[in-house]
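Presented below is the structure to which this report refers.
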Amino acid sequence: MITLRPARPDEAHALSELCMISKAHWGYDDAFMAACREELTITAADFDHSQIQVADDNGALAGMAQLQVEGDKAELDKLYVHPDFIGAGAGRSLFEWALSEARAAGATFMTIDGDPQAAGFYRRMGAIDDGESPSGSIPGRTLPRLRITL
Ligand SMILES: CC(C)(COP(=O)(O)OP(=O)(O)OC[C@H]1O[C@@H](n2cnc3c(N)ncnc32)[C@H](O)[C@@H]1OP(=O)(O)O)[C@@H](O)C(=O)NCCC(=O)NCCS
């Protein structure tokens, strides 16, 4: 059974690998994935300036979400579900956690720079399209930007 809990700093490496495995689910090639590695690496500093929540399946990492809140603005930095658990509701649970935490921290809206193949998921969660953002990993690539009012 999947439950949510805060990530532990000693899980940084395992969470980085989870992000890579999850992203690769869309079929990106090795060069693309190598270019994404730095952006998908969770560091000790991430635990200082953001909240990271894990979807835990009896000790296995099923997914994770990373949230940053600054003033009235929240940013969902990462939301990655392990391919073994995609389609089983972990994404929704982690997204709802982010909404709840962002609201509690005083944010009035949350933005997401989404993978194009995940944009439909965010729309399903109630987000609306809000333009495009440059990819942090691939020069010249743009990502759909989405926004949800809290
Ligand atoms: C996108 C992602 C987080 C969704 O998580 P998930 O656990 O598979 O989603 P859920 O099972 O909670 O689905 C919730 C709802 O969204 C829908 N949905 C899920 N993924 C979708 C997608 N890619 N496009 C459209 N709808 C989607 C589901 O059908 C479900 O709909 P329902 O309310 O009718 O049941 C997951 O597919 C993933 O991690 N993908 C790979 C990495 C990635 O791209 N992450 C996002 C980076 S921005």
Side-chain angles (χ1 to χ4, degrees), residues 1-70 73-107 109-129 133 135-138 141 143-150:
M1 192 184 83
I2 291 179
T3 54
L4 300 192
R5 62 166 174 83
R8 300 188 310 266
D10 68 357
E11 293 177 311
H13 178 70
L15 291 170
S16 304
E17 291 305 307
L18 165 66
C19 291
M20 289 289 285
I21 290 166
S22 174
K23 182 96 176 170
H25 170 74
W26 298 131
Y28 294 123
D29 65 22
D30 290 349
F32 183 100
M33 290 308 306
C36 293
R37 180 171 283 283
E38 186 178 345
E39 194 178 3
L40 296 183
T41 298
I42 307 287
T43 67
D46 284 304
F47 287 86
D48 295 333
H49 66 69
S50 65
Q51 299 176 61
I52 305 175
Q53 190 80 344
V54 161
D56 184 313
D57 179 62
N58 296 317
L61 293 175
M64 62 146 285
Q66 181 182 20
L67 176 74
Q68 282 198 71
V69 182
E70 200 177 316
K73 175 186 184 309
E75 175 87 27
L76 184 60
D77 282 334
K78 293 182 180 65
L79 174 54
Y80 288 99
V81 174
H82 189 285
D84 288 351
F85 296 91
I86 280 179
R92 179 192 290 279
S93 297
L94 288 163
F95 189 84
E96 288 175 350
W97 164 83
L99 291 181
S100 169
E101 286 297 315
R103 275 192 202 104
F109 66 100
M110 184 170 83
T111 57
I112 309 121
D113 293 342
D115 187 283
Q117 299 184 79
F121 164 79
Y122 294 117
R123 293 183 195 114
R124 179 75 184 140
M125 295 298 105
I128 56 167
D129 290 283
S133 285
S135 161
S137 300
I138 313 286
R141 184 177 193 243
L143 301 175
R145 186 160 183 80
L146 296 107
R147 174 185 177 107
I148 185 164
T149 301
L150 300 173

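Not a single side-chain hydrogen bond (donor to acceptor under 3.5 Å, both in side chains) links Arg124 to another residue, sequence neighbours left out.
For the pair Ser137 and Ala35, the tightest heavy-atom approach, listed with the atom from each and the gap, is CB-O, 3.4 Å. Here the closest heavy-atom approach between residue Arg145 and residue Ser133 is recorded as CD-OG, 3.3 Å. The shortest heavy-atom contact between Leu143 and Gly114 is CB-O, 3.5 Å.
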Which atom pairs, one a donor and one an acceptor, fall under 3.5 Å between side chains of residues 1-23 and the rest of the protein, sequence neighbours left out?
{"unit_1": "Arg5", "atom_1": "NE", "unit_2": "Asp56", "atom_2": "OD2", "d": "2.9"}
{"unit_1": "Arg5", "atom_1": "NH1", "unit_2": "Glu11", "atom_2": "OE1", "d": "3.1"}
{"unit_1": "Arg5", "atom_1": "NH2", "unit_2": "Glu11", "atom_2": "OE2", "d": "2.6"}
{"unit_1": "Arg5", "atom_1": "NH2", "unit_2": "Asp56", "atom_2": "OD2", "d": "3.3"}
{"unit_1": "Arg8", "atom_1": "NE", "unit_2": "Asp10", "atom_2": "OD1", "d": "3.1"}
{"unit_1": "Arg8", "atom_1": "NH2", "unit_2": "Glu11", "atom_2": "OE2", "d": "3.4"}
{"unit_1": "Glu11", "atom_1": "OE1", "unit_2": "Arg8", "atom_2": "N", "d": "2.9"}
{"unit_1": "Ser16", "atom_1": "OG", "unit_2": "Ala12", "atom_2": "O", "d": "2.8"}
{"unit_1": "Ser16", "atom_1": "OG", "unit_2": "Ile42", "atom_2": "N", "d": "2.8"}
{"unit_1": "Glu17", "atom_1": "OE2", "unit_2": "Arg37", "atom_2": "NH1", "d": "3.1"}
{"unit_1": "Ser22", "atom_1": "OG", "unit_2": "Val81", "atom_2": "N", "d": "3.3"}
{"unit_1": "Ser22", "atom_1": "OG", "unit_2": "Val81", "atom_2": "O", "d": "2.8"}
{"unit_1": "Lys23", "atom_1": "NZ", "unit_2": "Asp115", "atom_2": "OD2", "d": "3.0"}

List the atom pairs, with distances to 0.1 Å, where a side-chain N or O of residues 83-90 and a protein N or O form a donor-acceptor pair under 3.5 Å, not counting sequence neighbours.
none

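Residues Gln53 and Leu67 fail the side-chain proximity criterion, which asks for heavy atoms closer than 4.5 Å. Using a 4.5 Å heavy-atom threshold, the side chains of Leu76 and Thr111 count as separate. Tyr122 is not listed as a side-chain neighbour of Ile148, based on a closest heavy-atom distance of 4.5 Å or more.
Heavy atoms of other residues, nucleotides or ligands lying less than 6.0 angstrom from CG of Asp30 number 12 at most. The environment of CD in Glu96 is crowded: more than 12 heavy-atom neighbours from other residues, nucleotides or ligands sit within 6.0 Å.
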| task | Go through the steps to decide whether Leu61 and His82 satisfy the test side chain to side chain contact (heavy atoms under 4.5 Å, CB included), and finish with yes or no. | result | CA-CA 8 Å; Leu61 293 175; His82 189 285; over 6 Å; no
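In this structure, Phe121 and Phe95 have perpendicular ring planes: the angle between them is above 60°, well past the 30° mark.
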